[in-house]
*Asks:* 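My structure is below; once you've seen it, I'll send some questions.
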Amino acid sequence: MNQYEFFLSSSLEKVFPNRRPSPLPASYRLSAWKGSKAAVQFVYYVDEVTQGTLPETFSLSIEGTPFSPTVRSVRLIPSDYPCNAHTDEYYITKEAGLFPDLLEPVAKGAEIRPLILQYRSLWLSWEIPTDALPGSYPVTVTASMKDPKTGESRLFPFSFTLCVGKAALPAQTLLHTEWFHTDCLAQYYKTEVFSEEYWRIVENFIRSAGRDHGINMLLTPVFTPPLDTEPGGERLTVQLVDIRLDDGIYSFGFEKLERWCGLCQKHGILYLEIAHLFTQWGAGATPKILACVDGVTKRIFGWDVPATDPAYRAFLEAFLPALRTALKEMGYDREHVYFHISDEPSLEQETSYLAAKNLAADLLKECPIIDALSSLDFYEKGIIEKPIPSVDYIKPFLDAQVPNLWTYYCCAQGRLVPNRFFAMKSARCRIMGVLMYLYRIQGFLQWGYNFYNSQFSRRPIDPYYTTHAGFAFPSGDAFLVYPGPDGDALSSIRAEVQDDGLLDLRALTLLERLTNREFVEALIYENAPMQPMTFTDYPREDEYLLSLRERVAGAIEQAWESSREENM
């Protein structure tokens with residue numbers, strides 16, 4: 001007789017085919033709040049089938065809540081570059097292979113066939129409506145199989161309790177950007193830039209970013225962003241602003257930018273970050289900019305034009321004031337528009353970065369300027385007021401008490417610090433919510449929401465098969481979502497776990513409002529094996545985060561009830 005195994009597992013498990021994940025206890029409680037979401041996994045396995053037959057299929061039913069669950073299959077995605085050479089011992093594996101990551105929609109009532117000797121899982125998630133009734137919901141997840149001999153159904157029920165709190169979480173205050181690459185969407189879907197199909201797909205991905213993944217700031221290509229572009233090379237043009245140069249006079253058309261801003265506002269994007277004004281890694285040159293010059297469209301700036309060329313200064317003098325005025329009219333005032341000079345300048349490139357900044361600084365008065373960099377010198381010398389250090393270089397910035405500090409991680413942050421590579425435990429991504437609370441982080445940046453190119457954008461890639469940008473970055477660095485078959489953004493385990501980290505941050509913030517900072521920090525450290533917790537030394541096991549969520553939820557309920565009684 002066929003030997004099947006079914007059980008529930010937490011959302012922090014990564015279910016590999018050859019590793020049995022930890023089942024949830026029968027008394028498992030999962031806390032969430034109105035307007036948030038919650039998830040568990042349903043794991044299935046078959047270790048033996050009758051000779052000459054396929055494993056039997058099963059269907060899934062989920063009962064116990066008035067709000068409908070979403071069921072997605074956790075699909076294995078290949079990685080033949082899971083990590084860099086210099087890592088740490090806290091990886092699930094450092095070997096190439098298949099990794100659970102993509103969440104693929106499953107139709108209601110679909111039949112699912114287990115695979116012999118492979119653990120697989122379904123991702124079960126609930127979006128809790130803002131008007132949901134608080135309380136404890138006993139959820140039952142049942143796998144149903146028909147006996148091939150008798151035709152009778154065999155039922156495998158599993159239960160847990162979904163607890164919806166009385167309080168509503170505060171809105172996310174963390175500024176969160178994941179760099180949005182529209183050229184990659186046009187290339188993957190083979191659609192013309194600015195066609196109606198292009199705009200449809202772009203809107204789908206913006207909607208997913210803002211609605212599903214807590215992204216409230218979007219990289220805006222007023223001209224094609226000079227990011228991850230080979231020196232001398234070009235990325236596909238996605239410039240939103242039409243530029244004319246007639247008899248030495250610039251004029252601008254903002255119709256496409258206005259449409260972009262409308263989509264952003266529609267889907268919860270509160271802030272814009274303008275494409276970098278200079279090239280990456282030192283600000284040595286100007287970005288690719290097209291203009292209609294005396295009736296002929298041509299490239300007027302790019303790698304061949306030095307950053308400090310007087311012609312570029314003349315362009316910025318015309319462009320930046322016009323852009324700022326247009327954005328304000330479109331609903332994005334100076335407090336909601338962030339500018340960049342150049343990405344990731346090194347200490348050796350301080351002079352070129354400063355020269356580039358000085359070229360634009362007077363045109364960006366009172367505008368926030370942010371850039372990813374790792375040398376405190378840039379801040380101490382007043383070159384930049386809002387630096388964004390990586391998580392492995394953040395300590396000197398914290399020690400210097402830089403106010404309203406941002407942070408980021410990318411391909412290089414693979415030792416000890418949090419990140420979201422395929423080969424890392426999910427807890428290593430989710431812990432960022434706790435760390436950002438402890439260190440009062442104002443903003444988080446990651447460069448790869450949907451980068452479907454090879455390194456330096458030399459060629460497009462298929463993210464379902466090439467997950468490392470051409471052996472340049474560990475799998476999981478270059479993109480957070482996948483391009484779905486109908487132009488929709490498909491989520492990943494990494495995206496969902498990061499979302500949970502953002503919920504942790506909001507829940508801790510709410511608890512602080514109901515109690516005080518000291519109470520919350522004591523709760524965070526209650527089960528932590530280290531004190532203080534840092535970006536290199538933090539709890540690494542799933543149980544810490546699962547337990548913390550429940551303890552925070554309980555403390556919120558108690559404080560909420562106490563505050564109500566006091567106000568009666």
*Asks:* Is Arg235 salt-bridged to Asp183, going by a charged N under 4.0 Å from an acidic O?
*Replies:*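 Yes, charged N to carboxylate O under 4.0 Å.
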*Asks:* Got a sec, which residues hit side chain to side chain donor-acceptor pair (under 3.5 Å) with Thr87, two or more places apart in sequence or on another chain?
*Replies:*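 Counting only residues at least two positions away or on another chain, Thr87 forms a side chain to side chain donor-acceptor pair (under 3.5 Å) with Lys94.
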*Asks:* With distance as the sole test, does Asn450 use its side chain to make a donor-acceptor pair with the main-chain N or O of Phe479 at under 3.5 Å?
*Replies:*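 Answer holds: no.
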*Asks:* Atom CD of Glu13 and atom OG of Ser11: how far apart are they, to the nearest 0.5 Å?
*Replies:*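 The CD atom of Glu13 sits 9.5 Å away from the OG atom of Ser11.
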*Asks:* Can a side-chain donor-acceptor contact be found between Tyr408 and Gln413 if the only test is distance below 3.5 angstrom?
*Replies:*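 Their side chains do not contain a donor-acceptor pair, so the 3.5 Å distance test is not met.
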*Asks:* Rounded to the nearest 0.5 Å, what separation is found between the OG atom of Ser547 and the CG atom of Asp542?
*Replies:*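 Going from OG on Ser547 over to CG on Asp542, the span is 12.0 Å.
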*Asks:* First locate atom CG of Leu405, then atom CD of Gln442, and finally report the distance between them rounded to the nearest 0.5 Å.
*Replies:*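 Spacing of CG (Leu405) from CD (Gln442) equals 9.0 Å.
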*Asks:* Flag this pair as yes if the NZ/CZ of Arg540 is under 6.0 angstrom from the six-membered ring centre of Tyr544 and inside a 45 degree cone about the axis; otherwise no.
*Replies:*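 Cation-pi check for Arg540 and Tyr544: fails.
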*Asks:* Regarding Asp371 and His340, is there a side-chain donor-to-acceptor distance under 3.5 Å anywhere?
*Replies:*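 Yes, because at least one side-chain N or O of Asp371 sits under 3.5 Å from a partner of the opposite role on His340.
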*Asks:* I'd like to check the salt bridge (charged side-chain N to carboxylate O under 4.0 Å, His left out) partners of Glu521; sequence neighbours left out, ordered by chain and number.
*Replies:*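 By the salt bridge (charged side-chain N to carboxylate O under 4.0 Å, His left out) rule, Glu521 matches Arg517.
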*Asks:* Do we see a donor-acceptor contact under 3.5 Å between the side chains of Arg430 and Ser426?
*Replies:*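 Ser426 and Arg430 do not have a side-chain donor-acceptor pair below 3.5 Å.
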*Asks:* Determine whether the aromatic ring centres of residues Tyr119 and Tyr44 are separated by less than 6.0 angstrom.
*Replies:*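 They do not qualify: ring centres at least 6.0 Å apart.
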*Asks:* Is the Phe473 to His468 ring centre distance short of 6.0 Å?
*Replies:*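 Between Phe473 and His468, the centre distance exceeds or equals 6.0 Å.
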*Asks:* Pairing donors with acceptors under 3.5 angstrom, does anything connect the side chains of Glu550 and Ser31?
*Replies:*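 Short answer, yes.
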*Asks:* With side chains defined as the heavy atoms from C-beta onward, is the minimum distance between Ile370 and Trp406 less than 4.5 Å?
*Replies:*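 A side-chain contact under 4.5 Å exists here.
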*Asks:* State which residues pass side chain to side chain donor-acceptor pair (under 3.5 Å) with Tyr45; sequence neighbours excluded, sorted by chain then number.
*Replies:*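 So Tyr45 forms no side chain to side chain donor-acceptor pair (under 3.5 Å) with any residue.
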*Asks:* Is any side-chain heavy atom of Pro69 closer than 4.5 Å to a side-chain heavy atom of Leu124?
*Replies:*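 They are not in side-chain contact.
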*Asks:* Is there a side-chain contact between Val481 and Ser492 (heavy atoms, below 4.5 Å)?
*Replies:*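 SC-SC contact between Val481 and Ser492 ruled out.
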*Asks:* Checking Arg19 against Phe16: charged group under 6.0 Å from the ring centre and within 45 degrees of the axis?
*Replies:*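 Yes; both conditions hold, so Arg19 lies above the ring face of Phe16.
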*Asks:* Rounded at 0.5 Å granularity, tell me how far CG in Leu263 sits from CZ in Arg207.
*Replies:*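 Answer for the CG-CZ pair, Leu263 versus Arg207, is 9.0 Å.
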*Asks:* With a 4.5 Å heavy-atom cut-off, do Ser457 and Leu236 have their side chains touching?
*Replies:*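 Sidechains of Leu236 and Ser457: no contact.
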*Asks:* Using every non-hydrogen atom in the two residues, find where Leu272 and Cys261 come nearest and quote the distance to one decimal.
*Replies:*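 Looking at all heavy atoms of both residues, the shortest contact is CD1-SG, 3.8 Å.
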*Asks:* Indicate whether any N or O donor in one side chain lies under 3.5 Å from an N or O acceptor in the other, for Trp179 and Glu273.
*Replies:*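 Result is yes, a qualifying pair exists.
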*Asks:* Got a salt bridge between Asp131 and Lys34, using NZ or NE/NH1/NH2 to carboxylate O under 4.0 Å?
*Replies:*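 Salt bridge: no.
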*Asks:* Please identify each residue that fulfils side chain to side chain donor-acceptor pair (under 3.5 Å) with Arg549, with sequence neighbours left out.
*Replies:*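 Arg549: side chain to side chain donor-acceptor pair (under 3.5 Å) contacts with Asp500, Asp504.
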*Asks:* Quick one, Leu240 and Phe194 - any side-chain contact, counting heavy atoms below 4.5 Å?
*Replies:*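 Side-chain contact under 4.5 Å: yes.
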*Asks:* Which residues pass the ring-ring contact (aromatic ring centres under 6.0 Å, His included) test with Tyr189, not counting sequence neighbours?
*Replies:*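 For Tyr189 there are no ring-ring contact (aromatic ring centres under 6.0 Å, His included) partners, ignoring immediate neighbours.
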*Asks:* Give a yes-or-no answer on whether the side chains of Asn453 and Gln187 include a donor-acceptor pair shorter than 3.5 Å.
*Replies:*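 Yes - a donor-acceptor pair under 3.5 Å links their side chains.
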*Asks:* Under 3.5 Å, is there a donor-acceptor pair between the Tyr449 and Thr177 side chains?
*Replies:*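 Their side chains do not contain a donor-acceptor pair, so the 3.5 Å distance test is not met.
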*Asks:* Taking the side chain as everything from C-beta on, heavy atoms only, tell me whether Arg75 gets closer than 4.5 Å to Arg120.
*Replies:*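 A side-chain contact under 4.5 Å is absent here.
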*Asks:* Nearest heavy-atom pair of Gln41 and Ser121: which atoms, and what distance?
*Replies:*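 Answer, listing the atom of Gln41 first, then Ser121: OE1-OG, 2.8 Å.
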*Asks:* Do Trp33 and Lys166 make a side-chain contact, defined as non-hydrogen atoms from C-beta onward lying under 4.5 Å apart?
*Replies:*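 Trp33 does not reach Lys166 side chain to side chain.
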*Asks:* Can you list the steps and then say if Glu196 with Arg259 is a salt bridge (charged side-chain N to carboxylate O under 4.0 Å, His left out)?
*Replies:* CA-CA 12 Å; Glu196 287 305 309; Arg259 184 168 183 176; 2.9 Å; yes
*Asks:* If you take all heavy atoms of Leu435 and Thr534, which pair is closest and at what distance?
*Replies:*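 Closest approach of Leu435 to Thr534: CD2-O, 3.5 Å.
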*Asks:* Would you say Thr220 and Trp260 are linked by a side-chain donor-acceptor pair, where the criterion is simply a distance under 3.5 Å?
*Replies:*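 The criterion, which ignores hydrogens and geometry beyond distance, is satisfied for Thr220 and Trp260.
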*Asks:* Classify the ring geometry between Phe535 and Tyr439 as parallel (under 30°), tilted (30 to 60°) or perpendicular (over 60°).
*Replies:*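 Plane angle between 30° and 60°, so tilted.
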*Asks:* To the nearest 0.5 Å, what is the distance between SG on Cys83 and CG on Asp477?
*Replies:*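 Result: 13.0 Å between the selected atoms.
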*Asks:* The test is ring pair (Phe, Tyr, Trp, His ring centres under 6.0 Å); show your working for Tyr464 and Tyr482 and say whether it passes.
*Replies:* CA-CA 8 Å; Tyr464 290 94; Tyr482 292 81; 5.4 Å; yes
*Asks:* I need the minimum non-hydrogen distance between Arg29 and Ser136, along with the two atoms involved.
*Replies:*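 Scanning both residues completely, I find the closest heavy atoms to be NH1-OG, 4.3 Å.
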*Asks:* Report the residues that fulfil salt bridge (charged side-chain N to carboxylate O under 4.0 Å, His left out) with Arg20, sequence neighbours left out, ordered by chain and then residue number.
*Replies:*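 Glu5.
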*Asks:* Please report the closest heavy-atom contact between Pro170 and Arg513, naming both atoms and the distance.
*Replies:*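 Smallest heavy-atom distance, with atoms named: CB-NH1, 3.1 Å.
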*Asks:* Does one side chain, of His267 or Glu203, offer a donor that lies under 3.5 Å from an acceptor on the other?
*Replies:*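 Yes, Glu203 and His267 have a side-chain donor paired with an acceptor closer than 3.5 Å.
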*Asks:* Does the side chain of Glu496 come under 3.5 Å of the side chain of Ser491 through a donor N or O and an acceptor N or O?
*Replies:*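 The criterion, which ignores hydrogens and geometry beyond distance, is satisfied for Ser491 and Glu496.
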*Asks:* What's the separation between atom CG in Asp228 and atom CZ in Phe451, rounded to the nearest 0.5 Å?
*Replies:*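 CZ of Phe451 is found 4.0 Å from CG of Asp228.
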*Asks:* Could you check if a side-chain atom of Phe99 sits within less than 4.5 angstrom of a side-chain atom of Lys14, using non-hydrogen atoms only?
*Replies:*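 In short, these two side chains do not touch, never coming nearer than 4.5 Å.
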*Asks:* Provide the closest heavy-atom pair for Arg415 versus His86 in the form atom of the first, atom of the second, distance.
*Replies:*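 Heavy-atom minimum between the residues: CG-O, 3.0 Å.
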*Asks:* Closer than 4.0 angstrom, basic N to acidic O: yes or no for Lys425 and Glu543?
*Replies:*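 Glu543 and Lys425: not salt-bridged.
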